[in-house]
**Student:** 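I have a structure here, written as structure tokens, and I will follow up with some questions on it.
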Amino acid sequence: MDLDEKDRAILAHLARDSRVSNAELAERVGMSTSALWRRVKAFEEAGIIESYGARLNPARMGLGFHAIVHVQLVRHDPERLGTFLARVASRREIEACYATTGQADYHLLVRCADIEAYNRFLEEFLFQMHAVRSAQTNVVLRDLKKRP
């Protein structure tokens, strides 16, 4: 789908505040409400808009520790890899998981209450998986840029 400037403006407003009414959003981008509704529907049908939701503040929810964990696997055989990915998907501490190129095979964004909880996550979960060769942690000191 080719996006024009109005499309990008609509998507930027929705990314910042998905609770904005169609009427208010239409006014902000200079369109009629019905034209805006048709565009938003087209974005949803094309998969550009995957879902709507709220941005939460993890620190205020008791999740003050944030780390990026670089995981290297022993092997990439289908059984071990499938187990690794399924277990990663099941853990609430793992906010995101990326398969990447480079020295590490996967990068995990992990949030926990504190360093003790993170240590338990490592010892009781990550280091218990036979697929994991090594894990290197980079502690996030502060978020400098987060896109909605």
Side-chain angles (χ1 to χ4, degrees), residues 1-22 24-26 28-29 36-148:
M1 183 174 193
D2 289 327
L3 301 177
D4 63 22
E5 289 305 312
K6 285 237 193 252
D7 292 333
R8 292 182 197 291
I10 292 166
L11 293 168
H13 283 290
L14 286 173
R16 282 191 296 278
D17 180 9
S18 64
R19 292 182 58 178
V20 65
S21 71
N22 279 343
E24 186 177 337
L25 182 53
R28 288 182 190 176
V29 297
L36 172 92
W37 182 84
R38 283 192 299 275
R39 286 198 191 201
V40 171
K41 258 320 194 205
F43 297 149
E44 292 169 350
E45 290 169 3
I48 293 171
I49 296 176
E50 294 179 336
S51 67
Y52 296 92
R55 280 190 305 278
L56 306 176
N57 184 321
R60 292 190 180 192
M61 297 171 57
L63 300 172
F65 181 87
H66 188 194
I68 301 166
V69 185
H70 313 279
V71 178
Q72 190 174 37
L73 301 183
V74 174
R75 287 194 308 262
H76 290 97
D77 64 85
E79 184 179 333
R80 285 184 189 210
L81 183 57
T83 300
F84 171 79
L85 295 175
R87 294 198 63 207
V88 162
S90 74
R91 291 301 291 227
R92 64 178 175 78
E93 299 95 336
I94 301 173
E95 195 172 278
C97 175
Y98 303 99
T100 62
T101 60
Q103 196 169 21
D105 299 304
Y106 292 90
H107 298 269
L108 311 177
L109 297 178
V110 177
R111 286 201 187 264
C112 297
D114 50 34
I115 191 74
E116 289 83 13
Y118 179 67
N119 192 51
R120 282 192 305 278
F121 167 81
L122 289 176
E123 291 177 353
E124 297 171 10
F125 173 71
L126 198 61
F127 294 153
Q128 297 301 313
M129 284 194 275
H130 298 294
V132 174
R133 170 179 285 147
S134 65
Q136 178 186 355
T137 300
N138 291 101
V139 174
V140 175
L141 300 175
R142 62 186 168 192
D143 293 335
L144 300 175
K145 179 180 179 181
K146 288 170 59 173
R147 291 181 81 175

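Side chains are part of it too, since the values below use all heavy atoms of this structure and drop only hydrogens, waters and symmetry mates. One-based numbering along the sequence shown.
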**Student:** Take a 6.0 Å sphere around CZ of F127 and say whether it holds more than 12 heavy atoms from other residues, nucleotides or ligands.
**Tutor:**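 Buried by this count: over 12 neighbours within 6.0 Å.
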
**Student:** So, are D143 and R111 salt-bridged, with charged N and O less than 4.0 Å apart?
**Tutor:**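 R111 and D143: salt-bridged.
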
**Student:** Would you give the length of the straight line joining atom NZ of K41 to atom CZ of R38, rounded to the nearest 0.5 angstrom?
**Tutor:**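 Between K41 NZ and R38 CZ, I get 13.0 Å after rounding to 0.5 Å.
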
**Student:** Heavy atoms only: give me the nearest A26-L36 pair and the separation to one decimal.
**Tutor:**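 Taking A26 first and L36 second, the nearest heavy atoms are N-CD2, 3.8 Å.
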
**Student:** With a 4.0 Å cut-off, would you call E24 and R28 a salt bridge?
**Tutor:**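 R28 and E24: salt-bridged.
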
**Student:** Under 4.5 Å between any side-chain heavy atoms of D7 and D2, yes or no?
**Tutor:**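 Answer no - side chains too far apart.
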
**Student:** Which heavy atom of L126 sits nearest to which heavy atom of A135, and what is that distance?
**Tutor:**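 Closest heavy-atom pair between L126 and A135: CD2-CB, 3.8 Å.
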
**Student:** Mind telling me whether F84 and Y106 have parallel, tilted or perpendicular rings, with 30° and 60° as the class edges?
**Tutor:**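 Rings of Y106 and F84: tilted, as their planes differ by 30° to 60°.
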
**Student:** Nearest 0.5 Å please: distance from the CD1 atom of I68 over to the OG1 atom of T137.
**Tutor:**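 Here the rounded value is 10.0 Å.
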
**Student:** Hey, are the side chains of I48 and L3 touching, using non-hydrogen atoms and a 4.5 Å cut-off?
**Tutor:**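 The answer is yes; the side chains approach within 4.5 Å.
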
**Student:** Between R91 and F121, is NZ or CZ placed under 6.0 angstrom from the six-membered ring centre and within 45° of the ring axis?
**Tutor:**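 No - R91 does not lie over the ring of F121 by the 6.0 Å and 45° rule.
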
**Student:** When rounded to the nearest 0.5 angstrom, what is the spacing between CG in L14 and CG in N22?
**Tutor:** 8.5 Å

**Student:** Looking at side-chain heavy atoms only, is the closest gap between F65 and V110 below 4.5 Å?
**Tutor:** no

**Student:** Can you measure from CG (L25) to OG (S18) and round to the nearest 0.5 angstrom?
**Tutor:**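 If we round to the nearest 0.5 Å, L25:CG and S18:OG are 11.0 Å apart.
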
**Student:** Can you name the nearest heavy-atom pair linking Y118 to C112, along with the distance?
**Tutor:** CA-SG, 3.8 Å

**Student:** What's the shortest heavy-atom distance between P58 and L56, and which atoms?
**Tutor:** CD-O, 3.1 Å

**Student:** Quick one: does Q128's side chain have a donor or acceptor within less than 3.5 Å of a partner on E123's backbone?
**Tutor:** yes

**Student:** Is there a side-chain contact between D105 and V71, using heavy atoms and a 4.5 Å cut-off?
**Tutor:**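 The answer is no, as the side chains (C-beta and beyond) never meet within the 4.5 Å cut-off.
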
**Student:** Could you give the distance from CD1 (I10) to CZ (R39), rounded to the nearest 0.5 Å?
**Tutor:**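 Between atom CD1 of I10 and atom CZ of R39 there are 5.0 Å.
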
**Student:** Using side-chain heavy atoms (C-beta onward) and a distance below 4.5 Å, is R80 in contact with H130?
**Tutor:**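 Side-chain contact under 4.5 Å: yes.
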
**Student:** Answer yes or no: is there a side-chain heavy-atom contact under 4.5 Å between M129 and T83?
**Tutor:**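 No; the side chains remain at least 4.5 Å from each other.
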
**Student:** Distance check, rounded to the nearest 0.5 Å: S90 atom OG versus L85 atom CG?
**Tutor:**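 Result: 11.0 Å between the selected atoms.
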
**Student:** Strictly distance-based, threshold 3.5 Å: is any side-chain N or O of R55 a donor or acceptor partner for the main-chain N or O of R16?
**Tutor:** yes

